[in-house]
Amino acid sequence: MKIHVVNPNGSAEMTRSLEAEVQSAAGAAGCEVVVTYGGSGVPASIEGYADEAASLMPMLRNIRSQDRAGAAAHVIACFDDTGLDAAREVAEAPVIGICEAALATARIVSKRISIVTTLERSVPIVEELVHRYGAADLVRGVHGTEMPVLDLEGGRGDVMARLLPILGGVVTQDRADALVLGCAGMSQYTAALERGLGVRVIDGVRMSVHIAGALAAAQVKTSKSGAYAAPRSKAGAVFA
């Protein structure tokens with residue numbers, strides 16, 4: 001069975017790093033994986049509502065294309081869960097957002113979590129998702145690191161040196177027993193951060209691939225009888 005992972009932004013380098021992580025997770029889950037991304041004309045990183053809006057249509061086209069090609073599930077690899085509801089409308093296969101997957105996992109393995117993201121401007125977006133997913137009782141804080149998304153590209157050697165003291169302070173401040181990484185670009189640092197911090201570190205990218213594999217194996221598809229019904233055919237409709 002094939003899992004489709006889409007990076008909504010336009011960074012080819014970040015997509016290559018992401019592909020290495022999801023290939024490993026897919027192998028452990030017994031799945032094949034195909035990775036797509038926004039490509040040219042899409043913001044190189046998603047850091048706010050305008051970037052998210054600009055990335056939406058190319059992402060939905062990728063999901064629709066891979067759905068018709070037989071993908072058994074889709075993963076949106078942006079912690080903002082970019083366009084998640086719209087994606088569920090246009091796809092028959094289940095669509096998993098990495099924020100939702102990370103919070104669901106955190107609830108199972110811990111009682112107090114911290115979320116760390118990139119820029120402070122992303123904090124309100126993540127806080128909205130925490131409330132949407134009913135995790136406000138679990139999350140002790142959402143924290144920006146003031147590291148732009150593109151600073152995480154390519155496994156740069158200075159990233160760990162910058163992240164560890166910030167994340168260590170967050171864990172201490174929140175008395176957290178788990179830390180959720182609030183950016184897909186942080187995925188490549190998961191194991192090193194867990195060793196350095198001594199707490200469970202949860203990466204929504206890998207967890208989404210495992211959840212996608214489980215849903216695909218169970219042959220679960222998105223309900224098309226209500227809110228996620230396929231778009232109606234009408235003038236100007238793109239995905240009907």
Side-chain angles (χ1 to χ4, degrees), residues 3-26 33-67 71 73-91 95-102 115-129 142 144-156 159 162-163 180-190 203-209 212 238-239:
I3 305 300
H4 169 226
V5 178
V6 57
N7 172 18
N9 72 36
S11 170
E13 184 173 354
M14 184 165 289
T15 304
R16 285 191 292 269
S17 296
L18 177 69
E19 186 164 16
E21 295 301 314
V22 299
Q23 290 287 0
S24 172
V33 67
V34 59
V35 180
T36 65
Y37 76 114
S40 62
V42 173
S45 62
I46 296 177
E47 295 171 322
Y49 295 110
D51 288 342
E52 181 177 358
S55 71
L56 188 55
M57 291 305 291
M59 184 196 79
L60 293 177
R61 290 190 181 99
N62 281 335
I63 289 173
R64 185 65 172 267
S65 175
Q66 292 298 323
D67 204 65
H74 308 272
V75 172
I76 298 175
C78 175
F79 203 79
D80 292 355
D81 284 358
T82 303
L84 180 59
D85 286 325
R88 287 171 174 168
E89 277 194 17
V90 305
V95 185
I96 297 97
I98 65 172
C99 178
E100 186 173 21
I115 301 175
V116 289
T117 186
T118 49
L119 304 180
E120 285 290 337
R121 66 175 298 160
S122 297
V123 169
I125 298 172
V126 175
E127 288 175 337
E128 287 177 357
L129 291 174
V142 180
T145 60
E146 285 307 294
M147 289 184 65
V149 172
L150 297 180
D151 279 11
L152 301 168
E153 284 187 342
R156 287 172 34 179
V159 170
R162 293 169 65 186
L163 279 179
V180 167
L181 301 179
C183 176
M186 294 179 178
S187 177
Q188 61 195 299
Y189 305 103
T190 304
D203 163 37
V205 174
R206 296 182 66 87
M207 293 316 307
S208 292
V209 171
V238 177
F239 295 106

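- Here the side chain of Arg64 pairs no donor or acceptor atom with the backbone of Ala91 at under 3.5 angstrom.
- The shortest side-chain heavy-atom distance between Met57 and Val238 falls under the 4.5 Å cut-off.
- Atom CD1 of Ile3 is separated from atom CD of Gln23 by 11.5 Å, given to the nearest 0.5 angstrom.
- In this structure the side chain of Val75 never reaches within 4.5 angstrom of the side chain of Val33, judged on heavy atoms.
- Between Leu60 and Gly83 the shortest heavy-atom distance is CD2-O, 4.4 Å.
- In this structure, Ile63 CD1 and Phe239 CZ are separated by 9.0 Å, a value rounded to the nearest 0.5 Å.
- Atom CZ of Arg16 is separated from atom CD of Glu13 by 6.0 Å, given to the nearest 0.5 angstrom.
- Counting heavy atoms from C-beta on, the side chains of Tyr37 and Val6 never come closer than 4.5 Å.
- Separation of atoms OG (Ser122) and CD (Glu146) is listed at 9.0 Å; rounding is to 0.5 Å.
- A heavy-atom distance below 4.5 Å is not found between the side chains of Ile46 and Val149.
- Considering only heavy atoms from C-beta on, Thr117 comes within 4.5 Å of Val123 through its side chain.
- In terms of heavy-atom proximity, Val180 sits nearest to Ala102 at CG1-CB, 3.8 Å.
- Contact detail for Ala184 and Ala77: the closest heavy-atom pair is CB-O, 3.3 Å.
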Derivation and outcome, side chain to side chain contact (heavy atoms under 4.5 Å, CB included), residues Arg162 and Asp151: CA-CA 11 Å; Arg162 293 169 65 186; Asp151 279 11; 3.3 Å; yes

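- Looking only at distances, no side-chain donor or acceptor of Thr118 sits under 3.5 Å from a matching main-chain atom of Pro148.
- In this structure, the side chain of Ser55 engages the main chain of Glu52 through a donor-acceptor pair within 3.5 Å.
- Taking each heavy atom of Val42 and Pro58 in turn, the nearest pair found is CG2-CG, 3.7 Å.
- Interatomic distance, Thr190 OG1 to Glu21 CD, rounded to the nearest 0.5 Å: 6.5 Å.
- With rounding to the nearest 0.5 angstrom, the OG atom of Ser208 is 9.5 Å from the CD1 atom of Ile76.
- Looking at heavy atoms from C-beta onward, Thr36 lies out of side-chain contact with Asn7 at the 4.5 angstrom threshold.
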Full working for side chain to side chain contact (heavy atoms under 4.5 Å, CB included) between Met147 and Leu152: CA-CA 8 Å; Met147 289 184 65; Leu152 301 168; 3.9 Å; yes

Worked verdict on Val34 versus Val5 for side chain to side chain contact (heavy atoms under 4.5 Å, CB included): CA-CA 6 Å; Val34 59; Val5 178; over 6 Å; no

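- Using a cutoff of 4.0 Å between basic side-chain nitrogens and carboxylate oxygens, Arg88 and Glu100 are scored as salt-bridged.
- Panel note: side chain Asp203, backbone Val205; a donor-acceptor pair is recorded below 3.5 Å.
- In this structure the side chain of Met59 never reaches within 4.5 angstrom of the side chain of Cys78, judged on heavy atoms.
- Considering only heavy atoms from C-beta on, Met186 stays 4.5 Å or farther from Phe79 through its side chain.
- The minimum heavy-atom distance between Gly48 and Ile125, with the atom names listed, is CA-CD1, 4.0 Å.
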